[in-house]
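First the structure, in the form of structure tokens, and then the observations on it.
Computed from a predicted model, the values in this text were never measured in an experiment.
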Amino acid sequence: MIEQGEIWTLDDNNPYIVASILDIDNKKYVYLIHKNDYQKYIIGEYTEEGIDEIEDPDLFETLLVKFNEDLKESLPTILSEYL
């Protein structure tokens, strides 16, 4: 299981903070922020094997809009608490 605020080290050996999680159509999508450079982020689907980055541009754009809505109020707290 994945929870907001967790820190994950991905295949690139960099730490990412789970900033937001969305459940859409029985799939779990995550917005990860690089712990050392908050301008770097990953949007991916959470699976039992890990995080699969979203490559479909239409899905990426849809998720980005939804994550932005979800993070409007919580992002400052996440940035100050974890970064």
Side-chain angles (χ1 to χ4, degrees):
M1 198 67 192
I2 191 168
E3 293 184 28
Q4 187 176 21
E6 288 182 334
I7 298 175
W8 281 49
T9 301
L10 301 183
D11 291 340
D12 64 1
N13 290 321
N14 288 303
Y16 291 84
I17 298 162
V18 179
S20 182
I21 303 166
L22 295 174
D23 289 311
I24 302 171
D25 297 330
N26 295 319
K27 293 183 180 182
K28 197 171 289 273
Y29 296 99
V30 294
Y31 185 96
L32 307 174
I33 300 173
H34 192 287
K35 184 164 176 31
N36 301 319
D37 183 356
Y38 69 88
Q39 293 179 342
K40 294 181 183 178
Y41 63 92
I42 292 175
I43 292 178
E45 181 182 351
Y46 172 75
T47 66
E48 291 181 13
E49 292 81 33
I51 306 294
D52 294 328
E53 284 190 61
I54 301 301
E55 296 180 14
D56 176 330
D58 293 331
L59 177 58
F60 185 90
E61 185 177 339
T62 298
L63 290 172
L64 187 59
V65 168
K66 291 183 181 289
F67 280 123
N68 282 337
E69 290 172 9
D70 185 57
L71 288 167
K72 276 182 186 174
E73 293 181 22
S74 63
L75 188 58
T77 302
I78 291 167
L79 293 175
S80 67
E81 192 169 325
Y82 298 104
L83 298 178

Cluster overlap F60 with I33, hydrophobic side-chain contacts below 4.5 Å: yes
Nearest heavy-atom neighbours spanning Q4 and A19: NE2-O, 2.6 Å
Of all pairs that satisfy side chain to side chain donor-acceptor pair (under 3.5 Å), the ones with a partner from residues 56-69, not counting sequence neighbours: none
same_hphob_cluster(Y46, Y41) at 4.5 Å side-chain heavy-atom cutoff: no
Cluster check L64, L32: I/L/V/M/F/W/Y, side chain < 4.5 angstrom: no
Approximate separation, where rounding is to 0.5 Å, of L63 CG and L22 CG: 7.0 Å
Test side-chain contact (heavy atoms from CB on, under 4.5 Å) applied to L59 and I43, step by step: CA-CA 10 Å; L59 177 58; I43 292 178; over 6 Å; no
hydrophobic_cluster_shared for L71 and Y38, side chain cutoff 4.5 Å: yes
Selection residues 20-31 - residue pairs positive for side chain to side chain donor-acceptor pair (under 3.5 Å), sequence neighbours left out: S20-D70, D23-K28
Side-chain donor-acceptor pairs of residues 8-17 under 3.5 Å, sequence neighbours excluded:
residue, atom, partner, partner atom, Å
W8, NE1, E6, OE1, 3.0
D12, OD1, N14, N, 3.0
D12, OD2, N14, ND2, 3.4
D12, OD2, Y16, OH, 2.7
N14, ND2, D12, O, 3.3

Co-membership, hydrophobic cluster, residues V18 and I42, 4.5 Å side-chain: yes
